Amino acid sequence: MYGFTMKNRTPDGLTSGQWTAVIEGLEHRPSTVNDYRKVLNLLHSYKDGEYRIDTMTKEQAEEYFAYLDQRQAEGTLSENTVHRYKATLRSIGTRIESHPDLWPGYHNPFSGLVTNENRKRTEYRTDMFANAEDIHRIHDTFDQLSKEERLILSFMMYLGLTPAQIQNLKISDFFLLPGETRRLAVRIGCGTFLEPTTKPWKESSYYLNNYPVKFVRSSHNRSITWDYTGTFVFSDSFAEELRNYYEFIGTSTDSRAFFLTARHLEFNYRAMHHMILGVCAAANVDSSAITPNLISRYGLVHAYLIDRAQRNPEDEAAHNTAEPLLAFGSIGQWEERFPVPMQERIDSIQNHLGNDFLKKVVGL
(Lines give C-alpha, C1' and ligand atoms only; values in the text may rest on other atoms or scores of the structure.)
Protein backbone atom coordinates (compact mmCIF):
# COMPACT_ATOMS: atom_id res chain seq x y z
CA MET A 1 0.00 0.00 0.00
CA TYR A 2 1.17 3.52 -0.67
CA GLY A 3 0.71 4.65 2.91
CA PHE A 4 3.80 2.62 3.79
CA THR A 5 6.69 4.56 5.33
CA MET A 6 10.28 3.50 5.75
CA LYS A 7 9.87 3.45 9.56
CA ASN A 8 7.28 0.65 9.45
CA ARG A 9 9.68 -2.17 8.57
CA THR A 10 11.49 -2.52 11.86
CA PRO A 11 14.54 -4.82 11.64
CA ASP A 12 14.90 -7.86 13.88
CA GLY A 13 16.20 -7.14 17.36
CA LEU A 14 14.89 -3.58 17.76
CA THR A 15 11.57 -2.15 18.86
CA SER A 16 9.79 0.29 16.58
CA GLY A 17 10.72 3.13 18.95
CA GLN A 18 14.39 2.15 18.91
CA TRP A 19 14.38 1.88 15.11
CA THR A 20 12.82 5.33 14.81
CA ALA A 21 15.63 6.74 16.98
CA VAL A 22 18.32 4.99 14.90
CA ILE A 23 17.09 6.41 11.59
CA GLU A 24 16.26 9.88 12.89
CA GLY A 25 17.14 12.53 10.30
CA LEU A 26 17.37 10.05 7.40
CA GLU A 27 13.90 10.74 5.99
CA HIS A 28 15.39 11.89 2.67
CA ARG A 29 17.87 9.00 2.41
CA PRO A 30 15.81 5.80 1.98
CA SER A 31 18.78 3.90 0.52
CA THR A 32 20.72 4.52 3.75
CA VAL A 33 17.76 3.36 5.83
CA ASN A 34 17.52 0.20 3.72
CA ASP A 35 21.25 -0.44 4.23
CA TYR A 36 20.84 -0.04 7.99
CA ARG A 37 17.92 -2.48 8.01
CA LYS A 38 19.70 -5.06 5.85
CA VAL A 39 22.95 -4.99 7.82
CA LEU A 40 21.13 -5.23 11.16
CA ASN A 41 19.07 -8.21 9.97
CA LEU A 42 22.25 -9.95 8.79
CA LEU A 43 23.96 -9.34 12.13
CA HIS A 44 20.97 -10.51 14.14
CA SER A 45 20.69 -13.72 12.09
CA TYR A 46 24.35 -14.61 12.79
CA LYS A 47 24.72 -17.65 15.07
CA ASP A 48 20.94 -18.08 15.17
CA GLY A 49 20.42 -14.66 16.69
CA GLU A 50 22.96 -14.96 19.48
CA TYR A 51 24.23 -11.36 19.07
CA ARG A 52 22.28 -8.09 19.34
CA ILE A 53 23.85 -4.78 18.38
CA ASP A 54 22.69 -3.07 21.58
CA THR A 55 24.23 -5.70 23.87
CA MET A 56 27.36 -6.76 21.96
CA THR A 57 30.80 -6.58 23.52
CA LYS A 58 33.96 -5.41 21.78
CA GLU A 59 35.14 -9.02 21.54
CA GLN A 60 31.89 -10.11 19.88
CA ALA A 61 32.16 -7.21 17.41
CA GLU A 62 35.71 -8.31 16.54
CA GLU A 63 34.48 -11.88 16.06
CA TYR A 64 31.69 -10.74 13.73
CA PHE A 65 34.10 -8.63 11.69
CA ALA A 66 36.40 -11.67 11.44
CA TYR A 67 33.40 -13.63 10.11
CA LEU A 68 32.84 -10.96 7.43
CA ASP A 69 36.55 -11.10 6.54
CA GLN A 70 36.25 -14.87 6.15
CA ARG A 71 33.33 -14.47 3.76
CA GLN A 72 35.44 -12.04 1.74
CA ALA A 73 38.29 -14.57 1.62
CA GLU A 74 35.84 -17.25 0.46
CA GLY A 75 34.57 -14.97 -2.28
CA THR A 76 30.96 -14.80 -1.04
CA LEU A 77 31.27 -11.08 -0.26
CA SER A 78 33.34 -8.47 -2.07
CA GLU A 79 35.90 -6.27 -0.35
CA ASN A 80 33.73 -3.19 -0.89
CA THR A 81 30.66 -4.92 0.52
CA VAL A 82 32.48 -6.08 3.64
CA HIS A 83 33.84 -2.59 4.24
CA ARG A 84 30.38 -1.09 3.74
CA TYR A 85 28.81 -3.56 6.21
CA LYS A 86 31.44 -2.73 8.81
CA ALA A 87 31.13 1.02 8.35
CA THR A 88 27.33 0.77 8.50
CA LEU A 89 27.44 -1.14 11.78
CA ARG A 90 29.77 1.46 13.21
CA SER A 91 27.40 4.24 12.12
CA ILE A 92 24.42 2.49 13.69
CA GLY A 93 26.42 1.98 16.89
CA THR A 94 27.24 5.70 16.94
CA ARG A 95 23.58 6.57 16.58
CA ILE A 96 22.62 4.18 19.38
CA GLU A 97 25.33 5.73 21.57
CA SER A 98 23.77 9.18 21.03
CA HIS A 99 20.51 8.01 22.68
CA PRO A 100 21.41 7.23 26.33
CA ASP A 101 17.72 7.61 27.21
CA LEU A 102 16.99 4.44 25.24
CA TRP A 103 20.33 2.65 25.71
CA PRO A 104 21.85 3.80 29.03
CA GLY A 105 25.57 3.06 29.35
CA TYR A 106 25.91 1.87 25.76
CA HIS A 107 29.36 2.02 24.13
CA ASN A 108 29.74 1.45 20.40
CA PRO A 109 31.51 -1.95 20.13
CA PHE A 110 32.50 -1.28 16.50
CA SER A 111 34.35 1.97 17.25
CA GLY A 112 37.98 1.77 16.12
CA LEU A 113 37.54 -1.54 14.29
CA VAL A 114 36.95 -0.25 10.75
CA THR A 115 40.12 -0.03 8.64
CA ASN A 116 40.86 1.20 5.09
CA GLU A 117 38.96 4.44 5.59
CA ASN A 118 40.25 6.19 2.49
CA ARG A 119 37.33 6.66 0.14
CA LYS A 120 37.62 5.39 -3.40
CA ARG A 121 36.98 8.48 -5.48
CA THR A 122 35.50 8.23 -8.94
CA GLU A 123 38.20 8.38 -11.58
CA TYR A 124 36.51 10.34 -14.34
CA ARG A 125 37.09 9.47 -18.00
CA THR A 126 35.89 11.26 -21.11
CA ASP A 127 33.57 8.36 -22.00
CA MET A 128 31.64 9.01 -18.78
CA PHE A 129 30.06 12.10 -20.34
CA ALA A 130 27.42 12.36 -23.03
CA ASN A 131 27.97 14.16 -26.31
CA ALA A 132 26.67 17.71 -25.79
CA GLU A 133 25.01 17.67 -29.22
CA ASP A 134 22.91 14.68 -28.15
CA ILE A 135 21.80 16.55 -25.02
CA HIS A 136 20.86 19.59 -27.10
CA ARG A 137 18.85 17.45 -29.51
CA ILE A 138 16.98 15.94 -26.58
CA HIS A 139 16.26 19.46 -25.33
CA ASP A 140 14.79 20.31 -28.74
CA THR A 141 12.15 17.59 -28.27
CA PHE A 142 10.76 19.03 -25.01
CA ASP A 143 7.57 20.24 -26.68
CA GLN A 144 6.83 16.62 -27.66
CA LEU A 145 7.20 15.27 -24.12
CA SER A 146 4.82 14.94 -21.18
CA LYS A 147 4.99 17.38 -18.26
CA GLU A 148 6.60 14.72 -16.09
CA GLU A 149 9.24 13.84 -18.68
CA ARG A 150 10.16 17.50 -19.15
CA LEU A 151 10.51 18.06 -15.40
CA ILE A 152 12.62 14.97 -14.79
CA LEU A 153 14.93 15.81 -17.69
CA SER A 154 15.16 19.43 -16.52
CA PHE A 155 16.27 18.29 -13.06
CA MET A 156 18.95 16.17 -14.74
CA MET A 157 20.06 18.56 -17.51
CA TYR A 158 19.94 21.93 -15.73
CA LEU A 159 20.50 20.99 -12.09
CA GLY A 160 22.58 17.82 -12.31
CA LEU A 161 20.42 15.73 -9.98
CA THR A 162 21.21 12.03 -10.06
CA PRO A 163 18.50 9.43 -10.71
CA ALA A 164 18.57 8.51 -6.99
CA GLN A 165 18.04 12.13 -5.96
CA ILE A 166 15.12 12.46 -8.35
CA GLN A 167 13.59 9.21 -7.14
CA ASN A 168 13.92 10.36 -3.53
CA LEU A 169 12.17 13.72 -4.06
CA LYS A 170 9.03 13.95 -1.93
CA ILE A 171 6.10 16.32 -2.37
CA SER A 172 6.85 17.70 1.10
CA ASP A 173 10.45 18.59 0.08
CA PHE A 174 9.08 21.56 -1.87
CA PHE A 175 8.22 24.70 0.09
CA LEU A 176 7.57 28.43 -0.22
CA LEU A 177 10.33 30.74 0.94
CA PRO A 178 9.53 32.45 4.27
CA GLY A 179 7.32 35.49 3.78
CA GLU A 180 6.68 34.60 0.12
CA THR A 181 3.47 33.49 -1.53
CA ARG A 182 4.91 32.28 -4.84
CA ARG A 183 8.70 31.80 -4.60
CA LEU A 184 9.24 28.07 -4.61
CA ALA A 185 12.23 26.10 -3.32
CA VAL A 186 13.17 22.49 -2.62
CA ARG A 187 15.42 20.75 -0.11
CA ILE A 188 17.73 18.21 -1.74
CA GLY A 189 19.94 15.63 -0.05
CA CYS A 190 23.29 16.23 -1.75
CA GLY A 191 25.22 13.40 -0.07
CA THR A 192 28.14 13.32 2.33
CA PHE A 193 31.63 14.77 2.29
CA LEU A 194 34.75 14.46 4.43
CA GLU A 195 36.36 17.38 6.21
CA PRO A 196 40.01 16.61 7.07
CA THR A 197 40.39 17.99 10.60
CA THR A 198 41.38 17.06 14.13
CA LYS A 199 38.84 19.45 15.64
CA PRO A 200 35.63 18.32 17.37
CA TRP A 201 32.70 18.69 15.01
CA LYS A 202 31.18 21.59 16.99
CA GLU A 203 34.37 23.56 16.35
CA SER A 204 34.30 22.97 12.60
CA SER A 205 33.88 26.00 10.34
CA TYR A 206 31.06 24.15 8.56
CA TYR A 207 29.12 23.97 11.83
CA LEU A 208 30.06 27.45 13.08
CA ASN A 209 29.24 29.10 9.73
CA ASN A 210 25.81 27.46 9.56
CA TYR A 211 26.37 25.32 6.50
CA PRO A 212 23.31 23.09 5.88
CA VAL A 213 25.10 20.03 7.25
CA LYS A 214 24.37 17.28 9.76
CA PHE A 215 27.16 15.57 11.68
CA VAL A 216 27.51 11.89 10.77
CA ARG A 217 30.70 10.74 12.49
CA SER A 218 34.33 11.47 13.30
CA SER A 219 37.15 9.18 12.22
CA HIS A 220 39.99 8.79 14.74
CA ASN A 221 40.43 12.56 15.00
CA ARG A 222 41.43 12.68 11.31
CA SER A 223 38.23 13.72 9.61
CA ILE A 224 34.56 14.52 10.03
CA THR A 225 31.83 13.14 7.80
CA TRP A 226 29.07 15.66 7.09
CA ASP A 227 25.70 15.08 5.41
CA TYR A 228 24.73 18.05 3.22
CA THR A 229 21.15 19.14 2.48
CA GLY A 230 21.01 21.98 -0.03
CA THR A 231 18.18 24.38 -0.85
CA PHE A 232 17.49 25.18 -4.48
CA VAL A 233 15.31 28.20 -5.32
CA PHE A 234 13.39 27.92 -8.59
CA SER A 235 12.98 30.64 -11.16
CA ASP A 236 9.44 32.01 -11.42
CA SER A 237 8.91 30.43 -14.84
CA PHE A 238 10.02 26.96 -13.75
CA ALA A 239 8.00 27.23 -10.55
CA GLU A 240 4.92 27.68 -12.72
CA GLU A 241 5.81 24.53 -14.66
CA LEU A 242 6.00 22.66 -11.36
CA ARG A 243 2.62 24.06 -10.31
CA ASN A 244 1.12 22.96 -13.61
CA TYR A 245 2.29 19.45 -12.78
CA TYR A 246 1.14 19.52 -9.13
CA GLU A 247 -1.01 22.48 -8.08
CA PHE A 248 -0.43 22.11 -4.31
CA ILE A 249 3.35 22.12 -4.56
CA GLY A 250 5.02 24.19 -1.86
CA THR A 251 2.11 23.93 0.56
CA SER A 252 1.41 20.20 0.73
CA THR A 253 2.98 18.10 3.51
CA ASP A 254 2.35 14.87 1.60
CA SER A 255 5.32 12.54 2.10
CA ARG A 256 4.77 10.54 -1.09
CA ALA A 257 7.25 10.55 -3.95
CA PHE A 258 6.92 13.60 -6.21
CA PHE A 259 7.34 11.58 -9.42
CA LEU A 260 5.32 8.41 -9.93
CA THR A 261 5.08 5.94 -12.80
CA ALA A 262 1.80 5.14 -14.53
CA ARG A 263 1.44 2.29 -12.01
CA HIS A 264 1.84 4.75 -9.12
CA LEU A 265 5.28 3.43 -8.19
CA GLU A 266 8.36 5.54 -7.46
CA PHE A 267 10.15 6.71 -10.58
CA ASN A 268 13.29 4.60 -10.13
CA TYR A 269 16.36 4.27 -12.34
CA ARG A 270 14.77 1.58 -14.49
CA ALA A 271 11.75 3.81 -15.17
CA MET A 272 14.01 6.75 -16.03
CA HIS A 273 16.10 4.61 -18.36
CA HIS A 274 12.95 3.40 -20.12
CA MET A 275 11.72 7.00 -20.40
CA ILE A 276 15.01 8.10 -21.96
CA LEU A 277 14.82 5.34 -24.57
CA GLY A 278 11.60 6.92 -25.82
CA VAL A 279 13.05 10.42 -25.65
CA CYS A 280 16.10 9.34 -27.66
CA ALA A 281 13.85 7.87 -30.33
CA ALA A 282 11.95 11.16 -30.58
CA ALA A 283 15.22 13.12 -30.77
CA ASN A 284 16.82 10.71 -33.26
CA VAL A 285 19.68 10.09 -30.81
CA ASP A 286 21.50 6.78 -30.39
CA SER A 287 20.03 5.47 -27.12
CA SER A 288 23.12 3.33 -26.46
CA ALA A 289 25.11 6.55 -25.98
CA ILE A 290 22.72 8.13 -23.43
CA THR A 291 21.90 7.03 -19.89
CA PRO A 292 20.32 8.87 -16.93
CA ASN A 293 23.72 9.16 -15.25
CA LEU A 294 25.36 10.63 -18.38
CA ILE A 295 22.65 13.29 -18.58
CA SER A 296 23.06 14.06 -14.88
CA ARG A 297 26.82 14.53 -15.25
CA TYR A 298 26.19 16.96 -18.09
CA GLY A 299 23.70 18.77 -15.85
CA LEU A 300 26.16 18.96 -12.95
CA VAL A 301 28.68 20.81 -15.13
CA HIS A 302 25.96 22.95 -16.72
CA ALA A 303 24.64 24.02 -13.30
CA TYR A 304 28.10 24.68 -11.90
CA LEU A 305 29.19 26.95 -14.75
CA ILE A 306 26.01 29.01 -14.45
CA ASP A 307 26.25 29.15 -10.67
CA ARG A 308 29.88 30.34 -10.86
CA ALA A 309 28.88 33.23 -13.11
CA GLN A 310 25.92 34.17 -10.91
CA ARG A 311 28.10 34.36 -7.81
CA ASN A 312 30.98 36.20 -9.49
CA PRO A 313 29.46 39.17 -11.34
CA GLU A 314 32.91 40.65 -12.10
CA ASP A 315 34.26 37.44 -13.65
CA GLU A 316 33.95 38.20 -17.37
CA ALA A 317 35.24 34.78 -18.47
CA ALA A 318 32.66 33.02 -16.29
CA HIS A 319 29.87 35.14 -17.75
CA ASN A 320 31.02 34.52 -21.31
CA THR A 321 30.82 30.78 -20.59
CA ALA A 322 27.46 30.95 -18.85
CA GLU A 323 25.68 33.14 -21.40
CA PRO A 324 25.00 30.41 -24.02
CA LEU A 325 24.12 27.96 -21.26
CA LEU A 326 21.54 30.34 -19.83
CA ALA A 327 19.99 30.55 -23.29
CA PHE A 328 19.86 26.76 -23.38
CA GLY A 329 18.25 26.43 -19.96
CA SER A 330 18.33 27.35 -16.27
CA ILE A 331 15.72 26.61 -13.62
CA GLY A 332 16.97 28.66 -10.66
CA GLN A 333 19.88 28.90 -8.25
CA TRP A 334 21.26 27.18 -5.17
CA GLU A 335 20.63 29.21 -2.04
CA GLU A 336 23.79 30.75 -0.55
CA ARG A 337 26.35 28.42 -2.18
CA PHE A 338 26.96 25.55 -4.57
CA PRO A 339 26.68 22.35 -2.48
CA VAL A 340 30.00 21.05 -1.16
CA PRO A 341 29.55 17.40 -2.33
CA MET A 342 28.72 18.60 -5.85
CA GLN A 343 31.68 20.98 -5.82
CA GLU A 344 33.92 18.04 -4.89
CA ARG A 345 32.68 16.18 -7.96
CA ILE A 346 33.43 19.19 -10.15
CA ASP A 347 36.93 19.44 -8.65
CA SER A 348 37.50 15.75 -9.28
CA ILE A 349 36.45 16.07 -12.94
CA GLN A 350 38.88 18.95 -13.41
CA ASN A 351 41.68 17.09 -11.62
CA HIS A 352 41.27 14.03 -13.84
CA LEU A 353 40.49 15.67 -17.19
CA GLY A 354 41.82 19.23 -16.99
CA ASN A 355 40.35 22.67 -16.31
CA ASP A 356 39.14 23.13 -19.90
CA PHE A 357 37.18 19.89 -19.97
CA LEU A 358 34.10 21.41 -18.31
CA LYS A 359 33.48 23.57 -21.38
CA LYS A 360 33.79 20.53 -23.63
CA VAL A 361 31.13 18.72 -21.58
CA VAL A 362 28.56 21.41 -22.37
CA GLY A 363 29.66 21.88 -25.99
CA LEU A 364 31.61 25.14 -25.71
Side-chain angles (χ1 to χ4, degrees), residues 1-117 164 167-168 170 189 191-192 201 214-220 224-227 255 257 266 268:
M1 293 180 61
Y2 211 81
F4 168 83
T5 67
M6 67 181 179
K7 292 184 180 180
N8 295 142
R9 290 166 52 200
T10 303
D12 296 335
L14 295 181
T15 67
S16 60
Q18 290 172 333
W19 177 235
T20 298
V22 166
I23 62 174
E24 181 183 7
L26 298 177
E27 290 82 2
H28 303 295
R29 300 181 61 191
S31 60
T32 300
V33 173
N34 288 334
D35 281 345
Y36 278 19
R37 183 186 296 109
K38 176 181 178 180
V39 171
L40 277 175
N41 283 333
L42 288 172
L43 170 65
H44 292 161
S45 66
Y46 175 65
K47 285 192 170 182
D48 296 323
E50 181 179 331
Y51 293 168
R52 288 291 181 266
I53 192 169
D54 53 356
T55 60
M56 287 178 72
T57 65
K58 195 82 167 181
E59 291 73 22
Q60 290 172 331
E62 290 174 343
E63 179 192 328
Y64 186 69
F65 276 16
Y67 160 73
L68 293 176
D69 290 337
Q70 180 183 353
R71 291 194 61 184
Q72 177 187 328
E74 295 170 348
T76 56
L77 289 176
S78 70
E79 179 182 357
N80 286 341
T81 298
V82 168
H83 184 271
R84 180 165 58 86
Y85 284 1
K86 291 179 179 180
T88 300
L89 286 169
R90 181 186 58 188
S91 296
I92 296 171
T94 299
R95 285 175 169 267
I96 291 174
E97 203 169 39
S98 69
H99 288 280
D101 53 325
L102 295 176
W103 292 279
Y106 179 84
H107 295 289
N108 186 356
F110 305 104
S111 179
L113 298 185
V114 182
T115 58
N116 301 324
E117 286 288 27
Q167 179 181 348
N168 292 340
K170 302 292 186 289
T192 61
W201 65 272
K214 181 180 178 63
F215 171 74
V216 178
R217 61 176 174 268
S218 295
S219 177
H220 302 297
I224 298 172
T225 301
W226 296 105
D227 188 39
S255 61
E266 288 188 353
N268 59 19

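Count residues from 1 along the sequence. Keep in mind that this is a model prediction, so the values were computed, not measured.
In this view, Q18 and L14, T15, D54, W103 satisfy the side-chain contact (heavy atoms from CB on, under 4.5 Å) rule, not counting sequence neighbours. The ring-ring contact (aromatic ring centres under 6.0 Å, His included) test applied to Y85 returns no partner, not counting sequence neighbours. T81 is linked by a side chain to side chain donor-acceptor pair (under 3.5 Å) to S78, counting only residues two or more places apart in sequence or in another chain. Listed by chain and residue number, nothing satisfies the side chain to side chain donor-acceptor pair (under 3.5 Å) test with T88 (two or more places apart in sequence, or in another chain). Under the rule for a salt bridge (charged side-chain N to carboxylate O under 4.0 Å, His left out), R52 has no partner lying at least two apart in sequence or in another chain. Applying the ring-ring contact (aromatic ring centres under 6.0 Å, His included) rule to Y36 yields no partners; only residues at least two apart in sequence or on another chain are considered. Qualifying salt bridge (charged side-chain N to carboxylate O under 4.0 Å, His left out) partners for E63, counting only residues two or more places apart in sequence or in other chains: K47. With sequence neighbours excluded, the residues that form a side chain to side chain donor-acceptor pair (under 3.5 Å) with D227 are R29. Residues satisfying the side-chain contact (heavy atoms from CB on, under 4.5 Å) criterion with N108, sequence neighbours excluded, are R90, T94, E97, Y106, F110, S111.
Separation of atoms CG (D35) and CG (L26) is listed at 10.5 Å; rounding is to 0.5 Å. Going from atom NE2 of H107 over to atom NZ of K58 covers 11.0 Å, rounded to the nearest 0.5 Å. Here OG of S45 is found 8.0 Å from CG of L43. Values are rounded to the nearest 0.5 Å. How far CG of L89 is from CZ of R84: 11.0 Å, rounded to the nearest 0.5 Å. In this structure, the separation between CZ on R9 and CG on N41 is 9.0 Å, given to the nearest 0.5 Å. One distance of note links CH2 of W226 with NZ of K214; it measures 10.5 Å at 0.5 Å rounding.
Between L40 and D12 the shortest side-chain heavy-atom distance does not fall below 4.5 Å. Considering only heavy atoms from C-beta on, Y64 stays 4.5 Å or farther from I53 through its side chain. When side chains are defined from C-beta on, R37 does not count as touching I23, because their heavy atoms never get closer than 4.5 Å. You'll find the side chain of W201 stays beyond 4.5 Å of the side chain of V216, heavy atoms only.
The minimum heavy-atom distance between A61 and L113, with the atom names listed, is CB-CD1, 3.8 Å. When all heavy atoms are compared, the tightest approach of H44 to G13 is ND1-CA, 3.7 Å. S16 and T10 get closest at one heavy-atom pair: CA-OG1, 3.7 Å.
With a 6.0 Å radius and a threshold of 12 heavy atoms from other residues, nucleotides or ligands, D101 has its CG atom above the threshold.
With hydrogens and angles ignored, the 3.5 Å screen pairs a side-chain donor or acceptor of R95 with a backbone N or O of E24.
Y67 and Y46 have tilted rings, their planes meeting at an angle from 30° to 60° on a 0 to 90° scale.
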